Every structure is written in C-alpha cells, then in structure tokens.
Amino acid sequence: MSDTDRVLPEHPPVTDWVHDFDHTDPRWTENPFPIWDELRAVSPVVHTDRFLGCYLPTTYEAVKQIAYDTEHFSSRRVVVRDERPEVQRNAAPPITSDPPEHKPAKQLLLPPFTPDAMKKLEPRVRAICNELIDEFIAAGRCDAAARYAKYIPVRAIAHMLGIPESDSDLFIHWIHQILELGIKDERQLKQAVEEMTAYFAGHIEARKAKPTDDLISTLMQAKDKTGQPLDDSHVLGSLRLLLIAGIDTTWSAIGSSLWHLARTPADRERLVREPGLMPTAVEELLRAYSPVTMAREVMKETSIAGCPIKAGKMVLLSFPAANRDPAVFPDADKVVIDRKENRHAAFGLGIHRCVGSNLARMEMTVALEEWLKRIPEFRLDPAGKVTWSEGTVRGPRQLPVLFGKQA
Amino acid sequence: MGKLKIHVDQDKCQGHARCKSLAPELFELDEFGNAHEVGDGTVPEGLEDKAWLAQTNCPEIAIEVTEE
Ligand code: SF4
C-alpha cells in the first residue's frame, strides 16, 4: 500500500466517554458540555486510546498546570489528529515553538496586536460589519454564521496583513481543510498548507520589490536577537499562523454569541437596553462558549492532578472545559452577562496566551454592537438547522435566524 | 481600611490586558502589551473596587493587591 492511500483509523461511535472519548464524535460536536461534566465528575484527567493515545484534562486546575508546564508538554504539535507526521521546523511560530525559541518569536508579533493598535483598526471592522449587514438585512433573515460572523475576522486580518479582502473565500476554504478535514485526512491538510505557503510566498516576493506598511512587511523587516532578518520560512510560518488562528476562532466566538442571543431573549433585550454591559457580556460569552482547544505533546513522563501522564501521547488542552469548571466559576453552566469575577482561560494561560486576544475582543464587541444596533430582535429560524464545527475550534457553521419580533 | 497598593508580577503577566480594560487609571501597557502598575501602584481613593476587579479577572493571577 502506498503512502497516499493509507487507511486511517475508524471512528466508531463513542459508548464509553470516560475511557474512550473522541472530540470528533457527532455528540461532542453537537453539545460537549454534558460530556465534560460527566468526565470531570470522574477524574481531573481522562484518557482515550484514539488518536494514538490522548489525554484530556477536565478541570481548570489541571488545564492550568499543563499550560504552565513547558518542560513536560511541548507545543510542537498543537492539533490532536489521527496521525503524527514528522515535526516541521517553523510550522507556525510562535504557537508551535517551545522555550527558548518561543519568546523572541512571540515578541515580534505582540506590538501589532496591542489594545491601542486594535483601536486604530476598529473603524474598518465597524465598516465591514455594516457592509455585511447591508447585504442581507432587507431579506429579514440570514445565516448569521455563514453570511456575517465568518467574514468579519477574515476580512479584518486580510486588511492587517495587506492581502485582498476579496480573497476571503479562498482563506476560509484552506482553514476548513486544515482545521477540520485535516484531522482525519493528511492529504487535505498538506494541500491547503502548500497552497497557503505559495500564496504568501508570492506576497513576500512582491514586497521585496515594493515594500508596503502592512503586517507582512513588518515581519519581513523584523530582526532576530542577533540582528539578522528572519528567514523566509519563519516569516511564512508566522503568516500561516496569523491567517489560521485569526479566522475561524473569532468567527466561532461571534457565531456562538449570536446563537446565544438568538435563543435567550432576556440577555438580548438587556444588552440592547444597557449597552454598557457589553464588556462583561463579551467576557462571559468567551468563557461560556470558548472556541479554542489547543493541544500539547507529552515529552516526558509526569503526573497531573495525581494522574500519570506518559510520554509520546497528546493532550487535548481544553480551555473550554476549564471555563465550565464549577470549582472556579459559580453557576458555571449559566451565562451571566454581568458576571464580575471572570478569570476565564478562553485565550489560553501562560506563555502561549493568544497573540490575537485584543483583536478578537475588539471584533466580537464591534460585531455584536453593530448587529444589535440594526437587528435588535432576532431568533433561530425553526425551519433551519444549526450546525457546529468539528475539532480544534468550536462554533456554529450554519446559524439560520429570522429578524424581528415573533408574530 | 488602609490604602491599597497594586503590583504586577512581570514574570507572571502574559499581556491579557484585562487589567487595563477594567481599570485604565491603574495600569499601563508596554509596547508588547504587558502590564505594569501606574506610578508606585498606590490606588487613589475611590478606585479600590477597580483594583480588586482587575485582580480577580487577571487570568494569570499576576496582580497583587496589598493593604497598607
Ligand atoms: S490582566 Fe494580568 S496578565 Fe493581563 S496584562 Fe494585566 S496583569 Fe498582565
């Protein structure tokens, strides 16, 4: 059998979540919350033989311990998949970097993403939101995930990188191949990464001839600590990261927020009445529907919360499950839009804190504000179906809603 | 109640910027988005609640609040 038609593991339906969980099982995709509760009640760390062996910490404390422990847990693989192909150098720094390479790689990306930098970008994001709403508001209905949430982050990051916003559909296609289809199909992953790399290589060449002042140029002009410019593979890796990480994460967060507001009239009406609640509401929606689950690879045997952890396996580092831990968040399963104490971990903990967290917060806030201004009343379309993404990032992919009050 | 003093532990801070958004009077961010306290960290009267709020929302537990 050749390498390309290797048979990938089967994924039979899960019958024993505690010993055989699968984060790609349709029940998990549809509604993971009761599953996490069930697992947390049994153990702070559970294990499955699927995905060549994988652990899942279920409590905030266990997630935190792993996130802080860069000695035993490596970021060189950040997605739990059926295979463990060879590790690529500069895959997507700094998210795939470990200390000591991590810090300098991350520091390059931090200045363009500070809260002040995001303030400058905000007017463009407001305009994008309104351009999108213009396209469907007259119809009195839309798919709020596919027509709205999806395009806000992709167009914002394209704007920052200095690549055409009109290429958005291409980027979305690659992301789908990498983060969803790629979990079980190595070829799709490779193909998307190759296309993406070629795309950015073209932009890098163009800027060598004619420099610009966007984020691609910023990376190209950056120097490492020895004063040398980054090699092209590092620049390409970081560009891949920004595109991959910048898109369906925030798309999912905006989509989940609109899903919540569509089915929770009390919260929606309150936010319309008291727009000053938006900051706490955004944090609470981030906590309750955290979109991102990262992964780590176990490099050395250790134990977490008393559970033995063996080298060579993967860890599904579920920040979303941590954020639902009732030991840390009273009424963890309730969305409390004016929650005051909210030390949530939606953007990760420790050195891999999401570089784009300030961007994501700004995009979520603006997306919800502009939507609620123009569409204060909306509800799920009973004739449609809400569907959810599979894998690393969780959010609605179809979210049909009707505008206006219920007749 | 004595005066409150805040301090950001630079080893722990990861630049989540929660403190700055909750208590802009008390925290500043550097060019990388990491936080430090304004001045010597003494919390002016009337801003005590904001200091506690920032403390309880920092995901890295990087903010220390002490009472003098
Ligand atoms: S909230 Fe905590 S981690 Fe974030 S910038 Fe402030 S002190 Fe640093």
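Remember, predicted model here, so these are calculated numbers, not experimental data. Order of the sequence lines fixes the chain letters, A, B, ..., with proteins taken first and strands second; residue numbering starts at 1 for each chain. Computed over heavy atoms, backbone and side chain alike; hydrogens, waters and symmetry mates excluded.
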query: Checking heavy atoms, do the side chain of A/N342, its backbone, both or neither come under 4.5 Å from chain B?
result: both
message: Go through it in stages, so that I can follow the logic: the residues are B/V43 and B/I6, the test is side chain to side chain contact (heavy atoms under 4.5 Å, CB included), and I'd like the CA-CA distance, side-chain angles, deciding distance and then a yes or no.
response: CA-CA 7 Å; B/V43 178; B/I6 50 168; 3.9 Å; yes
task: Show the numbers, then the answer: is there a side chain to side chain contact (heavy atoms under 4.5 Å, CB included) between A/T96 and A/L241?
output: CA-CA 9 Å; A/T96 53; A/L241 165 67; over 6 Å; no
message: Is B/I61 in contact with chain A via its backbone, its side chain, both, or neither, using a 4.5 Å heavy-atom distance?
response: both
query: Based on non-hydrogen pairs under 4.5 Å, which of A/V355, A/T114, A/N358, A/I351 is most in contact with chain B?
result: A/I351
- request: Would you mind telling me which of A/K64, A/R361, A/H344 has the largest number of heavy-atom pairs within less than 4.5 Å of chain B?
  value: A/R361
message: Is the distance between the ring centroids of B/H7 and B/H36 under 6.0 Å?
response: no
message: Using a 4.5 angstrom heavy-atom cutoff, name the option from B/Q55, B/K12, B/K20 with the most pairs to chain A.
response: B/Q55
- line: Looking only at A/P279, A/S357, A/G350, most heavy-atom pairs under 4.5 Å shared with chain B are made by A/G350
Part of A/F113 lying under 4.5 Å from any heavy atom of chain B: neither
query: What about the rings of A/H260 and A/Y289, do their centers lie closer together than 6.0 Å?
result: yes
query: Do A/R287's NZ or CZ and the ring of A/F329 fall within the cation-pi criteria of under 6.0 Å and 45°?
result: yes
message: Could you go through A/E284 and A/T280, starting from their C-alpha distance and side-chain angles, then the distance that decides it, and tell me whether this counts as side chain to side chain contact (heavy atoms under 4.5 Å, CB included)?
response: CA-CA 6 Å; A/E284 178 67 347; A/T280 50; over 6 Å; no
